[in-house]
There are 2 protein chains.
Amino acid sequence: MSTAPDREAWGLMLELLFSHHRPRVWGIAAEFDLAPMQMFALKALEPGRELPMSALAGSLHCDASNVTGIVDRLESRGLIERRSSPEDRRVKMIAVTEEGQRLREQIAARMSEPPPPIAKLALQDQRELRDIMARALRS
Amino acid sequence: MSTAPDREAWGLMLELLFSHHRPRVWGIAAEFDLAPMQMFALKALEPGRELPMSALAGSLHCDASNVTGIVDRLESRGLIERRSSPEDRRVKMIAVTEEGQRLREQIAARMSEPPPPIAKLALQDQRELRDIMARALRS
DNA sequence: TATTGTTATACTCTATAACTATA
DNA sequence: TATAGTTATAGAGTATAACAATA
């Protein structure tokens, strides 16, 4: 007998995650002198698309009260800015600055580098993995 | 033209990770009234295999000074215990208690549940994903 | 009354540096 | 001298609750 294949696959993904990805996220954030959540917030803010604080909280899966601090720190470095909303004066829209956009791209380039176990797979396996993951996320 | 398949595959894995796994880790830890790092520490401590604090720090990818607090909190709940090492009186060996083992198994059962995108894949895709991940981690 | 974002509070994780007790 | 773990300190993320401004 054996475990269900989805559980086995997921277990292996968790292993990769914990042994390679987790430490790397911290390393990349440190390279750019950012805390991980600040980095994730920057990633969530696509250029040209303002987001209300509440949406940012949703995207980061954390409470709105945290976002105040995270946004404070990014704003004090000139990477993002708070703008008023013309529709509802309670909400504040967050947008990346030009400097934030440049940093954002550098981070994306580093994060998208696959960890060694994935990079060393045979090309055919890489293609198959990509296709399976695409099917998983499409449904 | 297109991105290299390993980068594409990795990008999709990150997406799954961030949208499904990350929030779930917090949720599961909260279920058991643990902070995430406490949960990871418990996971690292296999029953019957004591680990020095330093090894635990390595496994958690964090500084040794943090481990003191993490171990303190787990020990005060009776989930793990510090033991002296017969060989070197400087080192403290960490071991799960029986209660810790029970909690550890409950957590493992919850964590190993694959997120919906993986669980809903066709059986053939699940098997292929498992095999590719196994090849990735074996090398 | 309800909602958006802030502030206050308390706890956890994080690293660095200084310390202790051993080696 | 060097190492294992602790303590002190300071910064960051976390949620809850109370609050101001606005709807």
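No hydrogens, no waters, no symmetry mates; every other heavy atom, side chains included, goes into these values. In what follows, every chain begins at residue 1, and chains take the letters A, B, ... in the order their sequences are listed.
Computed from coordinates, the A:D33 CG to D:dA12 C1' distance equals 12 Å when rounded to whole Å. We find that CE of A:M53 is positioned 16 Å from P of D:dT22, with the value rounded to whole Å. Rounded to an integer number of Å, the gap from A:R90 CZ to D:dT22 P is 10 Å.
In this structure, A:K92 and A:R22 both approach DNA chain C, and ranking their closest nucleotides by distance from the 5' end singles out A:K92.
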Which atom pairs link the protein and nucleotides 16-19 of chain D when you take only N or O atoms and keep those under 3.5 Å?
unit_1, atom_1, unit_2, atom_2, d
D:dT16, O4, A:S65, OG, 2.9

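Mapping heavy-atom proximity under 4.0 Å, the span of DNA chain C touched by chain B runs 5' to 3' from C:dT12 to C:dA23.
Looking at A:R104, its side chain does come within 3.5 Å of a backbone N or O of A:L42 through a donor-acceptor pair. Under the 3.5 Å distance criterion, the side-chain polar atoms of A:E50 are left unmatched by any main-chain donor or acceptor of A:A95. With hydrogens and angles ignored, the 3.5 Å screen pairs a side-chain donor or acceptor of A:T97 with a backbone N or O of A:G78.
Considering only heavy atoms from C-beta on, B:M39 comes within 4.5 Å of B:V25 through its side chain. Looking only at side-chain heavy atoms (C-beta outward), A:D6 and A:W10 stay at 4.5 Å or farther from each other. Side-chain contact between A:L12 and A:E15: present, with at least one pair of heavy atoms (C-beta onward) separated by less than 4.5 Å. Using a 4.5 Å heavy-atom threshold, the side chains of A:L14 and B:H21 count as touching.
Ring geometry for A:F18 versus B:H61: interplanar angle of 30 to 60°, hence tilted.
B:R82 CZ: more than 12 foreign heavy atoms inside a 6.0 Å radius.
The nucleotide whose nearest atom lies closest to any side-chain atom of B:S54 is, among D:dG13, D:dA23, D:dG5, D:dG5.
Side chain A:R89 to base D:dT22: no donor-acceptor pair is found below 3.5 Å.
Contacts of residues 69-88 of chain A with DNA chain D (heavy atom under 4.0 Å): A:I70, A:R73, A:D88.
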Legend entry - Pair B:R110-B:E113, salt bridge (Lys or Arg N to Asp or Glu O under 4.0 Å): steps then yes or no: CA-CA 6 Å; B:R110 293 282 289 109; B:E113 289 169 21; 3.0 Å; yes

